[in-house]
Amino acid sequence: MRPLDLYEKDASKKVTIYFEGKALEAYEGEKLPVALLANGIYWITTSLQGRKRGAFTFGPLPVVINGIKNIDGRKTLVKDGMRIERQNYGEFQEAVEIDGSKGVLREVVDVAIIGGGIAGIGATLELQEYLTVALIEERGWLGGLMSLRSTIQEGFDEEPKKVIEELTSQFNENVKVFKGTIALGVFDEGEYFLVPVVKKDQLIEIMAKRVVLATGAVENILLFENNEFPGVFRLDFALEVINKWGVAPGKRVAVVGRKPERIIPELEKWNIEYIVVPNPKRVEGEEKVERLIDTNGNVYEVDAVIVSDYRLPDINPITQAGGKLKFKWGYYVPVLDEQNRIREGIYVAGSAAGIKPHYANFLEGRLVGAYILREFGYEATPAVYKEKLEEYEPEPMPMQRIEFKDMNLEDVQICGCDVNLKKVDDVVKKGITDLQIVKRLTHLAMGFCQGRFCLFNGALLVSQRTGIDMGKIDLPVARPPLKNVRMKVTAVRE
Ligand code: ATP
C-alpha cells in the first residue's frame, strides 16, 4: 500500500505515473491529486506570487502533463505512464472548453434542476411523475456533499451512499440526468428559460419552463496564516479523499475551524490520528504542512490540517439568475417569496437557500417540486413538506473576528487568485468600502471562483474595518457565465 492509502486498492488497475520524473504507484481512473497525495506528495503548483499550493484548498491547479502545459490537475484522471510536472499559474486560465465544430445540442424539458445534491434529488423525485426533468450536476456523481459522508445522517436510516443509490434508482423515464455537466447560467428566452450547460466539450442548450437552483453551499474560508499551504484541506476535499478515494489526508491531522464535529466521525471511523486546534494562527513547513501554531504559541507537529468550519450558500447562481440577497443567520441568503422563488419561474431549494441538515434539504427539494406541480395544475401537497421543514430553522453562523493586529496579513489568503488579506485591507483602509471598487482594485472575486469563496470574507473585512453592518454591504452580482468559457462558444451561437 502507498503511505496514505486507507485500504488495498484493486491490483488489476495498478499503473505507474511519473511526478517530476519520479515513478509512483497509482490506479487507473484515480484523480491525479489523490494519486499524488497517496504517495505523500502535496505541493503541486505555485501561485503567481511564488506561493506553494496543493490541490485541496482553493485556487487552480495547473500542471504539465506529458509535456502539455496548463492542464487543470484537479480534473485529470491518471493513466498508465502519465508524466506530470509542476507548473506555476503563469498564463493559466481555467476555462470550460467547448469544441465549436460539434454544434450545439438542444434539450427541451419542463423543469431544469441545477445541482444533483440531496435537494436536487428531492425535487426530481417529486416532479418526475408528471413533468420532464433535466438534472444537471457538475460532479461525476449525484448526492453532493451528503454522498461524501460515510456516517448515517439525521432523518435517514442508512448510510448516505445507500440512500443516494436507492433514491436515484427510483428516477423514471421523465428524468434525464446530466452528470459531469456544468450549468453556465439561467437566461430568459420567451416563455422558456435557457440553461446552457457544458458536458466535456459539448455545449447543450436546455430549454425549461421552470428552473430549480439546488446549487448548494461552499465551505467558509477560515482566515489564518498560510491557509492555502499544501496539506491544508477544505472539508469537502478531505471528505472526498477519505470516502471516495480511500486515502488519508495525513498521518496526523489537525482539525481547525468552528465545526470540528463535521469531520471527526470520519477520522475516527478510519483511525486517522487527529488533534483539535480551535485557534489556529499559522501553518508552516517546507513543501507541505509540518506544524501548526495556535494563537497561544502552542506548536503542533502535524502533516495535514483540515478546516472544518461553517458552509455558506453559493450566492453566484442566485444573483446571476436575477435573485436578490439578504443577510440572515450570519451569512447571505436569497430573498425568496412564499413559494421559494427568487422570481417567477425560478425556485431555490437546499443549502442554496440556507444551511440546514441534509434531510431538511431533501424535504425542501420535494417542497419546491410540489409547488411546481401545483403551478402546472397537478395534485400536490406542499403543505405537508412545509410543515415538516418548519422543524429545521437554518443554522446561524457566529461572526468570525479578523485578528488584524496579530496576524501577518500578507500570509492570509482571502481568495485563491493570490489576493491576500493585506491587499484588500490596504484598499479598505484608504476609505474604499464599495465592494465593486474593492473588487476592481484588488481582483478579489474576479478570478477562478468568481467570488463564490472570497466575497464573503471581503464583506466581513469591510464590515469590521468600517463598522458597516454586513446586511448593508452591496455584494457584486455574479455575471454569466458561472464558469469561464472560451469565446468561441459565443461565435457558435451567432
Ligand atoms: P446539502 O447541502 O444538504 O448537502 P444540497 O443538495 O442543498 O444538499 P450540495 O450537496 O452542496 O447541496 O449539492 C449541490 C450540488 O450542486 C453539488 O453537487 C454541486 O456540484 C452542484 N452544482 C453547483 N453549481 C453547479 C453548476 N453551475 N452546474 C452544475 N452543478 C452545480
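First listed ligand is number 1; within each ligand, the first listed atom is number 1.
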Asker: Mark yes or no: K209 above the aromatic ring of F193, with NZ or CZ under 6.0 Å from the six-membered ring centre and no more than 45 degrees from the axis.
Answerer: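 Here K209 fails the 6.0 Å and 45° test against F193.
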Asker: Distance to 0.1 Å, residue and atom name: give those for the protein heavy atom nearest to atom 30 (N) of ligand 1.
Answerer: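 Protein heavy atom at minimum distance: E138 N, 3.0 Å.
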Asker: Between the side chains of E107 and K176, is the shortest nitrogen-to-carboxylate-oxygen separation below 4.0 Å, so that they form an ion pair?
Answerer: yes
Asker: Using a 4.0 Å cutoff against the non-hydrogen atoms of I182, which atoms of ligand 1 qualify?
Answerer: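 So the answer, numbered in order with elements, is 28 (N).
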Asker: Any atoms of ligand 1 less than 4.0 Å from a non-hydrogen atom of A119? List them with their elements.
Answerer: 6 (O), 7 (O)
Asker: Heavy atom of P317 under 4.0 Å from ligand 1?
Answerer: no
Asker: Do ligand 1 and G120 have nitrogen or oxygen atoms that lie under 3.5 Å from each other?
Answerer: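 G120 vs ligand 1: no N/O contact under 3.5 Å.
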Asker: Do the side chains of E205 and R106 get close enough for a salt bridge, i.e. N-O under 4.0 angstrom?
Answerer: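 Salt bridge: yes.
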Asker: Compute whether any side-chain donor of one residue and acceptor of the other, for T132 and N174, lie under 3.5 angstrom apart.
Answerer: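 Looking only at side-chain atoms, N174 and T132 do not form any donor-acceptor pair under 3.5 Å.
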Asker: Please work out whether the ring planes of F376 and Y378 are parallel, tilted or perpendicular, with thresholds of 30° and 60°.
Answerer: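 Geometry flag for Y378 against F376: parallel rings.
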Asker: Can you sort out which atoms of ligand 1 are near A217, meaning under 4.0 Å from one of its heavy atoms?
Answerer: 11 (O)
Asker: Non-hydrogen atoms of R311 versus ligand 1: any pair closer than 4.0 Å?
Answerer: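 So R311 counts as touching ligand 1.
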Asker: Does ligand 1 have any atom sitting under 4.0 Å from a heavy atom of T181?
Answerer: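 Contact check T181 vs ligand 1: positive.
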Asker: Show the atoms of ligand 1 that are less than 4.0 angstrom away from any heavy atom in G350.
Answerer: 7 (O)
Asker: What is the closest protein heavy atom to atom 7 (O) of ligand 1, and at what distance does it sit?
Answerer: S351 N, 2.8 Å
Asker: Considering both backbone and side-chain atoms of E137, is one of its nitrogen or oxygen atoms within less than 3.5 Å of a nitrogen or oxygen in ligand 1?
Answerer: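 So ligand 1 has an N or O lying under 3.5 Å from an N or O of E137.
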Asker: May I ask you to say whether K388 pairs ionically with E390, meaning some side-chain N is under 4.0 Å from a carboxylate O?
Answerer: no
Asker: Can you figure out which of H358, R149, K356, E364 has its heavy atom closest to atom 3 (O) of ligand 1?
Answerer: H358
Asker: Answer with side chain, backbone, both or neither: which part of N361 has a heavy atom less than 4.0 angstrom from an atom of ligand 1?
Answerer: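 The side chain, only.
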Asker: Roughly how far apart are M397 CE and F456 CZ, rounded to 0.5 Å?
Answerer: 3.5 Å
Asker: Closer than 4.0 angstrom, basic N to acidic O: yes or no for R210 and E344?
Answerer: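 Here R210 does not pair with E344 in a salt bridge, since their nearest N and O are not under 4.0 Å apart.
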Asker: Which protein non-hydrogen atom lies closest to atom 12 (O) of ligand 1, naming both residue and atom, and how far is it?
Answerer: G216 CA, 3.4 Å
Asker: With K244 as the cation and W141 as the aromatic partner, state whether NZ or CZ is under 6.0 Å from the six-membered ring centre and within 45° of the axis.
Answerer: yes
Asker: Give the residue, atom name and distance (to 0.1 Å) of the protein heavy atom nearest atom 8 (O) of ligand 1.
Answerer: I118 CG2, 3.4 Å
Asker: Do me a favour and list the nearest non-hydrogen protein atom to atom 23 (C) of ligand 1 with residue, atom name and distance?
Answerer: T215 O, 3.4 Å
Asker: Do me a favour and list the nearest non-hydrogen protein atom to atom 10 (O) of ligand 1 with residue, atom name and distance?
Answerer: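 I find the closest protein heavy atom is L145 N, 2.8 Å.
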Asker: What atoms of ligand 1 come closer than 4.0 angstrom to any heavy atom of G117?
Answerer: 6 (O), 13 (O), 15 (C)
Asker: Quick check: does any side chain N or O of Q436 sit under 3.5 Å from a backbone N or O of P476, one acting as donor and the other as acceptor?
Answerer: no
Asker: Identify, by atom number and element, the atoms of ligand 1 in contact range of I136, meaning under 4.0 Å from any of its heavy atoms.
Answerer: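 Ligand 1 atoms under the 4.0 Å threshold to I136: 29 (C), 30 (N).
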Asker: Could you list the residues that satisfy salt bridge (charged side-chain N to carboxylate O under 4.0 Å, His left out) with E173, not counting sequence neighbours?
Answerer: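 Scan of E173 (salt bridge (charged side-chain N to carboxylate O under 4.0 Å, His left out), adjacent residues dropped) gives none.
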Asker: According to the interplanar angle, ranging from 0 to 90°, do the rings of F56 and F233 count as parallel (below 30°), tilted (30 to 60°) or perpendicular (above 60°)?
Answerer: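 If you compare the ring of F56 with that of F233, the planes turn out parallel.
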Asker: Measure from atom 14 (C) of ligand 1 to every heavy atom in G185, A183, G144, A214 and give the option owning the shortest one.
Answerer: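 Shortest heavy-atom distance from atom 14 (C) of ligand 1: A214.
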Asker: Tell me the protein heavy atom at minimum distance from atom 16 (O) of ligand 1, and give that distance in Å.
Answerer: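 Minimum-distance protein heavy atom for atom 16 (O) of ligand 1 reads G115 CA, 3.2 Å.
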Asker: Under 4.0 Å between a Lys/Arg side-chain N and an Asp/Glu carboxylate O for E137 and K179?
Answerer: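 Looking at E137 and K179, the cut-off is not met.
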